Amino acid sequence: MQPLGPFDLSLNIFAAVVLPLLIIANLTGRSRRNPKNAYLWQHHENFMWLSMAIIGLLSIWSLVQLGGHFGLISSEGLAALMPVIGIPFLVLAVAEIAMGVRLALQYVRSRRPAA
């Protein structure tokens, strides 16, 4: 693995710190004060759980990248861990895109005036 540049390093540190806080805020209900989040958690709970799983995988990915950068994880360990994290992330990302498109179409249809 090549060492991370300053931008990549700061991005991974940001993701490793902030994304778990975002998950905690959603799971404890603090973010439900926001009307959009309250609506999504109430009416599209599966979409939100899928989003939390993707955010969790992103934070794990960042932690693994940082572990490789600082020498806590060997290059062989990185080579083994990246597909273990990347493949489920790909599957969940495709599922979230499909579900998000379906939810957006449902929202647009609900806003149309009755003919």
Side-chain angles (χ1 to χ4, degrees):
M1 176 183 146
Q2 296 179 7
L4 298 173
F7 176 74
D8 295 325
L9 186 61
S10 60
L11 185 64
N12 280 312
I13 291 171
F14 179 79
V17 171
V18 173
L19 292 180
L21 294 175
L22 182 65
I23 293 171
I24 291 169
N26 272 285
L27 295 181
T28 59
R30 291 183 182 163
S31 68
R32 295 182 190 176
R33 291 183 215 146
N34 181 341
K36 183 175 71 170
N37 278 354
Y39 171 79
L40 287 172
W41 274 109
Q42 185 177 9
H43 297 288
H44 305 293
E45 188 174 356
N46 290 336
F47 180 74
M48 293 301 287
W49 282 113
L50 185 63
S51 299
M52 294 301 108
I54 287 177
I55 292 171
L57 283 173
L58 278 174
S59 64
I60 291 170
W61 180 274
S62 294
L63 287 171
V64 168
Q65 289 277 22
L66 289 171
H69 175 76
F70 291 114
L72 300 173
I73 301 173
S74 67
S75 60
E76 295 84 19
L78 280 175
L81 283 174
M82 289 305 172
V84 170
I85 299 168
I87 292 171
F89 178 79
L90 174 67
V91 171
L92 292 177
V94 169
E96 185 171 38
I97 290 169
M99 194 179 289
V101 167
R102 190 183 70 185
L103 294 178
L105 289 174
Q106 180 182 358
Y107 176 77
V108 168
R109 287 185 195 128
S110 70
R111 292 293 187 192
R112 282 190 188 153

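Bear in mind that the values here come from a model prediction, so they are computed numbers and not experimental data. The figures here come from the full heavy-atom set of this structure, side chains too, leaving out hydrogens, waters and symmetry mates. When a residue number appears, it is its place in the shown sequence, counting from 1.
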Check against side-chain contact (heavy atoms from CB on, under 4.5 Å), L9 and F70: CA-CA 10 Å; L9 186 61; F70 291 114; 3.9 Å; yes
[X] vs [Y] side-chain heavy atoms within contact, under 4.5 Å:
X: H43; Y: Q106; result: no
X: W49; Y: N26; result: no
X: I73; Y: L66; result: no
X: I23; Y: L19; result: no

If you compare all heavy atoms of [X] against all heavy atoms of [Y], which two are closest, and at what distance to 0.1 Å?
X: A15; Y: S62; result: CB-OG, 3.2 Å
X: A80; Y: P83; result: O-CD, 3.6 Å
X: L57; Y: P88; result: CD1-C, 4.0 Å
X: G56; Y: S59; result: O-OG, 2.8 Å
X: A53; Y: L92; result: CB-CD1, 4.0 Å
X: L63; Y: A16; result: CD2-CB, 3.6 Å

With M52, the side-chain contact (heavy atoms from CB on, under 4.5 Å) member among L50, I54, I55: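 Among L50, I54, I55, the one meeting side-chain contact (heavy atoms from CB on, under 4.5 Å) with M52 is I55.
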Single-linkage hydrophobic cluster [X]~[Y], side-chain heavy atoms < 4.5 angstrom:
X: V64; Y: L90; value: no
X: I24; Y: L40; value: no
X: L11; Y: I60; value: no

Nearest-0.5 Å distance, [atom1] of residue [X] to [atom2] of residue [Y]:
X: L72; Y: S74; atom1: CG; atom2: OG; answer: 11.0 Å
X: R112; Y: R109; atom1: CZ; atom2: CZ; answer: 7.0 Å
X: M48; Y: Y39; atom1: CE; atom2: OH; answer: 12.0 Å

